[in-house]
Amino acid sequence: MVYKPLKLITNSLETKDEHSMALLKKSHGEFVYIGNLFEENNKQRKQLEIAKQRAEESDNLKSAFLANLSHEIRTPMNAIIGFSDLLNDESLNQYDKTEYLDIIRKSGKNLISIIEDLLEMSKIDSQQVIPNYKSLDLDKCISEVYHTNKVTIPKEKNIDFSIIKTTKNVKTNILMDETKLKQILTNLITNAIKFTKQGHINIGYAVNEEAKLIKIWVEDSGLGIDETNIKLIFDRFRRIENDFSIESGGLGLGLSITKAYIELLGGTIDVKSTIGIGSTFSLNIPLVYDTTIPVAVVQKTNHKVERNGHKTILIAEDDDINFLLLEKILQLKKYHTIRAVNGKIAVDICKENPAIDLIFMDIKMPIMNGFEAFQLIRTFNQTIPVIANTAYSSPEDKEKILTAGFTYYLSKPLSKEKIFEVLDLTFGNS
Ligand code: ADP
């Protein structure tokens with residue numbers, strides 16, 4: 001008789017499925033059903049366990065990420081609020097003031113980079129990031145990345161940073177999304193700088209015509225990553241929790257964004273690392289040449305060049321603080337400013353004042369946005385330079401603004417240097 005063991009088995013499996021019960025009842029002596037059912041149940045239980053484990057892991061990761069995010073935002077906010085308060089102290093000397101302002105500026109930049117990483121991650125998720133291929137001069141691109149990152153190496157770190165080029169005569173018409181490539185390399189170099197106290201960092205590159213690959217690597221003599229963690233570092237929100245990474249901060253998003261960008265370009269990333277010796281992150285990106293080789297178009301304005309003239313600039317900006325900042329920056333070079341609080345007023349002022357030399361146009365404004373205002377202004381004034389300044393800062397937004405015909409584009413937060421650079425390019429002053 002099989003009834004007793006059958007009952008025992010079904011109980012132990014906690015089977016509630018009526019169909020399975022019927023099969024079991026029908027089977028009597030046919031143990032094969034019991035065996036199948038047992039196997040099936042076991043499989044389901046394992047799958048459930050794995051799913052539960054994954055859900056718990058993702059929950060823990062989310063909590064750790066939120067705690068980390070909160071910390072990453074609070075730290076610069078604390079510095080901004082604290083040092084802004086201190087700046088009110090009338091007895092402060094110029095040296096302290098400069099130091100406090102420097103901290104506020106750096107903290108603000110830090111916050112912006114957190115926001116940018118979060119936005120980028122959500123864009124990657126919703127597949128809104130599309131590569132924008134153009135002809136690239138790889139030598140020039142690597143050199144630019146090198147110089148922009150070199151200046152960020154803290155002076156107290158004794159790091160020798162160099163470029164290693166192993167291919168002669170790299171052609172200048174490689175098809176590539178330059179912005180993405182620069183972001184990828186900057187992320188890797190920023191990490192190399194972050195996790196290296198002394199020694200060297202190299203950015204190397206080679207073009208392999210036979211394999212049709214561009215190889216780029218970033219090598220450092222830093223902290224290194226152990227075998228267990230190396231598998232996790234490309235996962236989002238993953239950070240290796242050690243004293244060094246706590247001290248240096250970060251959201252654990254940098255490498256997952258980097259990997260997503262590389263995959264977007266059809267490439268792969270690999271890492272080799274030894275604790276205490278250093279790490280090498282290597283990329284392989286498909287090599288494709290641009291056979292059309294577009295001719296570079298230099299944008300010129302008809303605006304007459306005047307040196308040392310006190311020019312009038314219209315600032316179309318609805319936000320008081322952003323207006324004040326731009327006004328103060330322009331006053332440093334003695335520009336005369338007029339304000340419009342929305343696009344419609346900007347159009348009206350522009351119509352009534354043909355003497356306005358240039359317009360700074362915010363894009364998101366009430367009543368009439370910057371795009372509409374710009375188009376209306378162009379119907380009666382085709383030559384006045386109009387510079388879009390906006391908090392929309394992705395490469396796609398930039399493309400949209402430049403396609404609309406704006407003379408230049410500046411993304412917020414506005415930097416004094418960038419504003420003066422654009423004004424110099426427009427007016428020809430130095
Ligand atoms: P985060 O912005 O938090 O640094 P990343 O995704 O850029 O996040 O990096 C994830 C983790 O990988 C870091 O917390 C760090 O522990 C490790 N890591 C990344 N690059 C390096 C490197 N060059 N040397 C040592 N560890 C690194």
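All heavy atoms count here, side chains included; hydrogens, waters and symmetry mates do not. Whatever order the structure lists them in is the order used to number ligands and atoms, beginning at 1.
- The residue among I233, L223, D117, V218 with a heavy atom at the shortest distance from atom 12 (O) of ligand 1 is I233.
- The S279 neighbourhood of ligand 1 comprises atoms 24 (N), with distances under 4.0 Å to a heavy atom of that residue.
- One finds the CE atom of M365 at 12.0 Å from the CG atom of D319 (value rounded to the nearest 0.5 Å).
- Under a 4.0 Å criterion applied to the non-hydrogen atoms of K194, ligand 1 contributes the atoms 1 (P), 2 (O), 4 (O).
- Close approach to L255 involves these atoms of ligand 1, each under 4.0 Å from a residue heavy atom: 5 (P), 6 (O), 7 (O), 9 (O), 12 (O), 19 (C).
- No donor-acceptor pair under 3.5 Å is formed between the side chain of K165 and the backbone N or O of D139.
- In the vicinity of G254, heavy-atom distances shorter than 4.0 Å reach the ligand 1 atoms 5 (P), 6 (O), 7 (O).
- Heavy-atom proximity to atom 23 (N) of ligand 1, evaluated over D220, I189, L232, T280, is greatest for D220.
- Looking at L181, I269, I216, I257 one by one, the single match for side chain to side chain contact (heavy atoms under 4.5 Å, CB included) with I262 turns out to be I269.
- Under 4.0 Å is where a charged nitrogen must lie from a carboxylate oxygen, and between R339 and E327 no such pair does.
- Because its NZ or CZ atom is both nearer than 6.0 Å to the ring centre of Y261 and within 45° of the ring axis, K180 counts as a cation-pi partner of that residue.
- For the pair F281 and ligand 1, a heavy-atom separation below 4.0 Å is found.
- Judged by distance alone, with hydrogens and angles left aside, the side-chain atoms of S411 form no donor-acceptor pair with the main-chain N or O of T390 at under 3.5 Å.
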